[in-house]
Number of protein chains: 2
Amino acid sequence: MNRHQKEKADEASGPGRPTLKTLAFMTGLGVTTVSRALKDAPEIGAETRRRVQLVAKQIGYRPNRAGVRLRTGKTNVISLVLNTEHEIMSFVSDIIYGVSEVIADTPYHLIVTPYSRSQDPLDPIRYLVETGSADGVIISRTQPNDPRARYMLERGIPFATHGRTDMGLIHPYHDFDNYAFAAEAVRHLAGLGRRRLALLAPPVELTYHGHTLAGFADALSEVGASEIPFNTVSIDHSIEQIRMRTAQLMRRESRPDGFISSAAAATLAIVAGIEDAGLKLGRDVDVVSKQSSELLHLFRSELLVVNENFRLAGAELARSVLGWIGGAAPGTLQSLSEPGEVQAYRRPA
Amino acid sequence: MNRHQKEKADEASGPGRPTLKTLAFMTGLGVTTVSRALKDAPEIGAETRRRVQLVAKQIGYRPNRAGVRLRTGKTNVISLVLNTEHEIMSFVSDIIYGVSEVIADTPYHLIVTPYSRSQDPLDPIRYLVETGSADGVIISRTQPNDPRARYMLERGIPFATHGRTDMGLIHPYHDFDNYAFAAEAVRHLAGLGRRRLALLAPPVELTYHGHTLAGFADALSEVGASEIPFNTVSIDHSIEQIRMRTAQLMRRESRPDGFISSAAAATLAIVAGIEDAGLKLGRDVDVVSKQSSELLHLFRSELLVVNENFRLAGAELARSVLGWIGGAAPGTLQSLSEPGEVQAYRRPA
DNA sequence: GCTATATACTGAAACGTTACAGATTGTCAC
DNA sequence: GTGACAATCTGTAACGTTTCAGTATATAGC
């Protein structure tokens, strides 16, 4: 037994997980051949290929991620970048599950990269890109002129945004049609005879703030209703602040008779504020709200809701990033989710 | 210039991120010396050490994760294993932020490893251990005799559980004192004159089901109240099912005058069921519920709440796992979080 | 002046993978 | 029989890191 064979035997008898070397020893082939056979390279004989793949499956071979990553630079990691203060709670949970669903039968792992209020949102992105920690990135809280998207485009790292940008640059995104949501909400309220509508919008810096406002404004003039300004707070404000501002607004003579809310948690605060002012939901005022889980109707059956599916969003975003990594054109990886109808509560059977 | 120096120069002039080789070239030292200088090894001269560390900081050197991982087997990854169907929504979000908070200034990354209803809960754990994908694991939905904990103990991989086991084996955990919660809730309801109490418990298979039931039972006999059985549903059941069962129960002659609920979402369903039966919260029945975010009081001001802080749990769990990885004794990494008092709603100023 | 010993540093090897540049066959044309 | 060529396989090097086994120099002991 020469030195070479001894080494191979040592390796194969070791208790650790199998490597290409183990497979090479077992099949009697070279490491290179095994490597190529496993990835269906054309210059490997059909029988050899089948044999190697069979043995690999039998002994449960799994490529070592560190080896692949070191050699090729491919991390097989998707990073989801989240704000630790301002993400909607169900957004975090659902988008993670949506992404997971899609990457489940791929070699990808999902890492969560959080950043806090105090940090520059660009920080985590720079970290990821500079350390080459991920093959693809998903970001939320997208802005019209988003430095993160710009940065990643410059650096050529695949990403997808939840929400659109408006910089004339092309990249994958998934978005909910908030223009349509706001417009539909206005029309629905108008249909109920409401004429003086207030909007609790997303924070100004995010792109969908603009979409929401546009849908709101266009539909207002379409139905001939008017806006009661309510822009001292956004859905990013605390429950207490929204509640207080709502109560203040509702005590004024020129109070709204309809609300549109872009987030479910904020809607709870609006309703509390309305009731603080001694008014009654459904009688004095109607509220249309987006929600991502079916809870608002339990809260107050008078609420009118439109559902936004974050799990779907996560799945779409993951598909987009994987698509881009796989070489698809970024422009073909954009999707917009249309809102369903405004739903009133229906008593269960 | 000999072959060796040429290589070094090539490397140093390259556009990629700096490696140990880059640092070695810049400082005129060997790669080995640089490596040891960066980790404060004792056999490196004090001045050399400072010099290397200075240069490393200046050019923003960051160790290549794949290199470290391949050489040492250390992944610098913590995996959070989550069920995609039954985790409480805010649990996912908060625990991720709690973990992130703790690992923020460490080299650790957080990967989320989900598993679905159909899967054996052991599957994702096996995958992580077999592929060596993480240095530490955090699991939730802990059972008294938990095969996952047993498996990881056998394999010697550090982990922490959210909730305790009861197998006579020692491992890090963080738990909320659900015995105390249930007991306090009973006492509070008794203090309000409620004598016939129903408990919406966690699913039977989880350890804290037992804790909750024990606290409930002990306090019942302590205050001389009686139990109205309500064990056809658990907090894992759907909102609709809980609502229906609650309504059924409340229409019976022997209906409870007090509820204790182990989860906020389930509480919404209980309240809906109570109201479906034509009864009124605070008058006909009182409800004490755990919650992880301050929303229940907005929902119905009559609700009585006890807060459970999942963000804290995430932080504790992360600290435990890191501690175990760092060599601390598993038995010293266990913590129990005591519930605060039962809180009634106080009108804001 | 010599050996022993501590101090400060270094090259080579290895972790598991893939890419490059061959090497060995067999087949076919002529 | 020879050269060309395709088909199939192989060894070596490299990715960036740490560990092992040194090497060189200075200091101390006597």
Side-chain angles (χ1 to χ4, degrees), chain A residues 2-5 7-8 10-12 14-25 27-52 56 59 61-76 107 130-133, chain B residues 2-5 7-8 10-12 14-25 27-52 56 59 61-76 107 130-133:
Chain A
N2 66 27
R3 179 177 158 280
H4 230 102
Q5 285 171 333
E7 271 177 14
K8 283 186 180 174
D10 282 354
E11 173 60 36
R17 25 190 301 234
T19 69
L20 288 182
K21 213 151 129 193
T22 321
L23 282 179
F25 176 72
T27 55
L29 295 164
V31 172
T32 304
T33 310
V34 172
S35 173
R36 314 192 85 158
L38 287 176
K39 46 176 58 63
D40 288 320
E43 63 268 53
I44 302 296
E47 198 207 310
T48 305
R49 195 205 323 272
R50 268 186 289 113
R51 198 158 60 89
V52 170
I59 65 173
Y61 167 77
R62 306 219 189 215
N64 179 301
R65 312 191 118 235
V68 175
R69 180 163 170 178
L70 181 56
R71 178 63 235 243
T72 65
K74 181 130 212 280
T75 62
N76 283 311
E130 283 172 8
T131 62
S133 288
Chain B
N2 65 26
R3 180 177 159 279
H4 230 101
Q5 286 172 332
E7 271 177 15
K8 284 187 180 174
D10 282 352
E11 173 61 35
R17 25 188 301 232
T19 69
L20 288 181
K21 213 151 132 194
T22 321
L23 282 178
F25 176 71
T27 55
L29 296 163
V31 171
T32 305
T33 310
V34 172
S35 172
R36 314 190 86 157
L38 287 177
K39 45 176 56 65
D40 288 319
E43 64 267 53
I44 300 297
E47 197 206 312
T48 305
R49 195 203 324 271
R50 268 186 289 112
R51 198 158 61 89
V52 170
I59 65 172
Y61 168 76
R62 306 217 190 218
N64 179 303
R65 311 192 116 234
V68 175
R69 181 164 171 177
L70 182 56
R71 177 65 233 241
T72 65
K74 182 133 212 283
T75 62
N76 284 311
E130 282 172 10
T131 61
S133 289

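A note on names: the letters A, B, ... follow the listed sequences, proteins ahead of strands, and every chain is numbered from 1. Note that the coordinates shown come from a computational prediction; the quantities given were computed from them, not determined experimentally.
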*When the distance from CZ of R62(A) to P of dC15(C) is rounded to whole Å, what number comes out?*
22 Å
*Whole angstrom value for the distance that separates P of dC15(C) from CG of N64(B)*: 18 Å
_Can you tell me which nucleotide in dT10(D), dT17(D), dT17(C) comes closest to the side chain of R71(A)?_
dT17(C)
*Nearest whole angstrom, please: distance from the P of dT23(D) to the CD of E43(B).*
17 Å
*Can you tell me how far P of dA19(C) sits from CG of L20(A), to the nearest Å?*
12 Å
*Separation of dT7(C) C1' from R36(B) CZ (nearest whole Å)*: 12 Å
*Below 3.5 Å, does any donor atom in the side chain of T32(B) face an acceptor in the base of dT18(D), or the other way round?*
no
_Taking the minimum atom-to-atom distance to the side chain of V68(A), which one of dT17(C), dT19(D), dT12(D) wins?_
dT17(C)
_Does I44(A) reach a base, just sugar-phosphate, or nothing at all? Heavy atoms under 4.0 Å._
sugar-phosphate
*Just compare dC15(C), dT18(D), dT18(C) and give me whichever is closest to any side-chain atom of S35(A).*
dT18(C)
*Does L70(B) or R49(B) map to a spot on DNA chain C nearer the 5' end, using the closest nucleotide for each?*
R49(B)
_Which residue in the set L20(A), V34(A), L23(A) passes side-chain contact (heavy atoms from CB on, under 4.5 Å) when paired with L29(A)?_
V34(A)
*Is N64(A) close to T19(A) at the side-chain level, that is, under 4.5 Å between some pair of heavy atoms?*
no
*May I ask you to evaluate whether T72(B) reaches the phosphate of dT17(D), defined as a side-chain N or O under 4.0 Å from OP1 or OP2?*
no
*Taking for each residue the nucleotide of DNA chain D bearing the nearest heavy atom, is the 5' side occupied by G28(A) or by V31(B)?*
G28(A)
*Could you tell me whether the side chain of R36(A) reaches within less than 4.5 Å of the side chain of R49(A), counting heavy atoms only?*
no
*Under 4.0 Å: is that the gap between some side-chain N or O of K39(A) and OP1 or OP2 of dT18(C)?*
yes
*Tell me: CZ of R69(A) to P of dG16(D), nearest whole Å?*
13 Å
*At their closest point, which heavy atom of A24(B) faces which heavy atom of G30(B), and how far apart are they?*
CB-C, 3.9 Å
*Do the non-hydrogen side-chain atoms of R69(B) and K74(B) ever get within less than 4.5 Å of each other?*
no
*Nearest of dT18(C), dT10(C), dT17(D) to any side-chain atom of T33(B)?*
dT10(C)
*Kindly say if T48(A) contacts the phosphate of dC9(D), meaning a side-chain N or O under 4.0 Å from OP1 or OP2.*
yes
*Measure from CG on L23(B) to C1' on dT17(D) and round the result to the nearest Å.*
13 Å
*Closest nucleotide among dT18(D), dC9(D), dC9(C) to the L29(A) side chain*: dC9(D)
*Grab the CG-P distance between L38(B) and dC9(C) for me, whole Å please.*
13 Å
